[in-house]
Protein chains: 2
Amino acid sequence: MAAEAGLSRERVLRAAVAIADERGTAGLTMRSLAASLGVEAMSLYHHVANKEAVLDGLVEVVMGEIEEAVAGLDAPAPEEDWRTAMRMRVLAAREVLVRHPWAPGVFESRTGTSLAVARYYDGVLGLMVRGGFSYELGHRALHALGSRALGFSQELFEPDGMEAPEEALAAMAEAVPHLVAMIADASHGGALLGWCDYQAEFEFGLDLILDGLERLRGKV
Amino acid sequence: MAAEAGLSRERVLRAAVAIADERGTAGLTMRSLAASLGVEAMSLYHHVANKEAVLDGLVEVVMGEIEEAVAGLDAPAPEEDWRTAMRMRVLAAREVLVRHPWAPGVFESRTGTSLAVARYYDGVLGLMVRGGFSYELGHRALHALGSRALGFSQELFEPDGMEAPEEALAAMAEAVPHLVAMIADASHGGALLGWCDYQAEFEFGLDLILDGLERLRGKV
DNA sequence: CACCATAGGCTTACATTGTAAGTCTGTCAA
DNA sequence: TTGACAGACTTACAATGTAAGCCTATGGTG
């Protein structure tokens, strides 16, 4: 929409984030990106190698926001309370990802490790080591946490839309009796939709893992 | 490559799986799929609605293989030992996914819940309920497990290729001191590449979660 | 000062993809 | 016999990434 001064890798990436935020990654094409900068598609190639590089850049930007959020945290020293320090860090990362719902998909699509992501995991590992983890346990912990360390987990169910809850469920009712019973049982919310609190579920899973790690700390 | 008799949804999906297995999903186009069946691209549309439907079909096929693997299991009754029953089920699913490395990506790309996936999770939930879980804990457990219940977890690091281990690591060495130290420390394998055993790491994370759940069983 | 190399924009053109629309043909029921 | 239809094919197009080359102002150098 806005033209302004010359382009730059930074301006291009910022615009890409903006488009992804409002239209999702499907709406992010080299042409739409260029248009949002008041420029032609091919001009972008003076600043980024290709579209893959743009996606890599998105990861960089998001990781930057996460590092910033983590830096602004007032967390306990890991030597004192690694569990709380870790929990705060992960939840801070999660807040950033919630602002960019497309980010998990982009993270997963990147093959090969980006420096920004490696640096983040290095920080996570450092935190655990300072908290008394052996490198071996730290290693296993990184795997066990997986993307949860970055604040997201794979939801195979109802990722975004509403998916016509009643009809869909009714249609498969007899095929999935336990799920139906589980929803019927739920004393929470009451209705079908929105009856489950993703943030709470995320924290539950995170705590489950952190508890397990704490129990192993020092022993392995 | 082979023509043979008429098409059918099943033949199309089988061919799609074959292509994904050998060329990855990037190599799976309507044209390549048609060609592998000795047919023109548009002919496929008599049997599948569109490419999305093909991808949905891939999920169906994989879930079918998983259900088959699970059915062939000689697992203890959940009432006796839910933990072992669950563990065996998940690892059986994982074996199927290892045969189809593209599957996780396709699962993640599907929005909205497929019947096949819902049915699988229904089975997992049923197992836990028979093992003494409340619906509430079963619910949380499904979230905590996430895709791990299907046998895969998000690896943000070195997803497939070799990624020039020494050079890449050396390049980022000063940015990620803890990771470097961790690798140096590793008494396992010895070399950089292949030094970490994904299957073992997966099982570690799985057991961490199952242990945590067992501790909560009956209490919530 | 003249000059020209370069950065960074633009235009054109093409291959690859999914898929809409319509055609052709053999099979089987009326 | 016929005629409807399933299921193949042909053609055509829009969207996308990107290769190749053009054009122009800017600024360092003879």
Side-chain angles (χ1 to χ4, degrees), chain A residues 1-61 102 105-106 108-112 114, chain B residues 1-61 102 105-106 108-112 114:
Chain A
M1 315 289 183
E4 315 285 307
L7 297 182
S8 73
R9 179 179 145 86
E10 280 61 41
R11 261 169 59 75
V12 169
L13 295 184
R14 240 196 305 283
V17 169
I19 290 183
D21 281 345
E22 60 193 45
R23 275 179 272 172
T25 42
L28 178 63
T29 70
M30 294 306 273
R31 286 177 230 264
S32 72
L33 177 52
S36 83
L37 288 160
V39 132
E40 293 301 317
M42 288 312 293
S43 300
L44 301 174
Y45 288 80
H46 284 291
H47 305 276
V48 293
N50 49 36
K51 188 174 183 181
E52 290 292 289
V54 172
L55 296 177
D56 288 343
L58 290 186
V59 169
E60 250 180 65
V61 171
W102 44 268
V106 174
E108 288 157 25
S109 77
R110 275 6 0 243
T111 169
S114 90
Chain B
M1 312 291 185
E4 314 284 305
L7 298 182
S8 73
R9 180 178 144 86
E10 278 63 40
R11 258 169 60 76
V12 169
L13 295 184
R14 241 195 305 283
V17 169
I19 290 182
D21 281 344
E22 61 193 45
R23 275 179 271 173
T25 43
L28 178 63
T29 70
M30 294 305 273
R31 286 177 230 265
S32 72
L33 177 53
S36 83
L37 288 160
V39 132
E40 294 301 318
M42 288 312 292
S43 301
L44 301 174
Y45 288 80
H46 285 290
H47 302 94
V48 294
N50 50 36
K51 188 174 183 182
E52 290 292 289
V54 172
L55 296 178
D56 288 343
L58 290 186
V59 169
E60 250 179 66
V61 171
W102 45 267
V106 174
E108 288 158 26
S109 78
R110 284 346 19 234
T111 169
S114 90

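Here is how names work: the chains are called A, B, and so on, in the same order as the sequence lines, proteins then strands, and each is numbered from 1. Both backbone and side-chain heavy atoms feed into the values below; hydrogens, waters and symmetry mates do not. Small disclaimer: the values here were computed from a predicted structure and weren't measured.
Among L13(B), I19(B), D21(B), the single residue meeting the side-chain contact (heavy atoms from CB on, under 4.5 Å) criterion with V17(B) is D21(B).
Interface remark: the H46(B) side chain does form a donor-acceptor pair with the dA8(D) base, using a distance-only criterion of under 3.5 Å.
With axes fitted over five pairs at each extremity, the angle between the ends of the helix from dC1(C)-dG30(D) to dA30(C)-dT1(D) is 20° (10° resolution).
The CG-P distance, from L44(A) to dG9(C), rounds to 9 Å in whole Å.
With a 4.5 Å cut-off on side-chain heavy atoms, V39(A) and L33(A) do not count as touching. Using a 4.5 Å heavy-atom cutoff, the side chains of L37(B) and L44(B) are in contact. Looking at L58(A) and L55(A), their side chains come closer than 4.5 Å, going by heavy atoms from C-beta outward.
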task = Please assess L28(A) against W102(A) for the test side-chain contact (heavy atoms from CB on, under 4.5 Å), listing each intermediate value before the final yes or no.
result = CA-CA 11 Å; L28(A) 178 63; W102(A) 44 268; over 6 Å; no
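Distances shorter than 4.0 Å separate none of the side-chain N or O atoms of H47(A) from OP1 or OP2 on dA7(C).
Between E52(A) and R110(A) there is a salt bridge, since at least one side-chain N of the basic residue sits less than 4.0 Å from a carboxylate O of the acidic one. Ion pair E60(B)/R9(B) flagged as a salt bridge, since at least one NZ, NE, NH1 or NH2 atom sits closer than 4.0 Å to an Asp/Glu carboxylate oxygen.
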query = Once each nucleotide of nucleotides 10-19 of chain D is scored for protein heavy atoms under 4.0 Å, what B/S/- sequence comes out, 5' to 3'?
reply = BB----BBBB
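Interatomic distance, L7(B) CG to H47(B) NE2, rounded to the nearest 0.5 Å: 5.0 Å.
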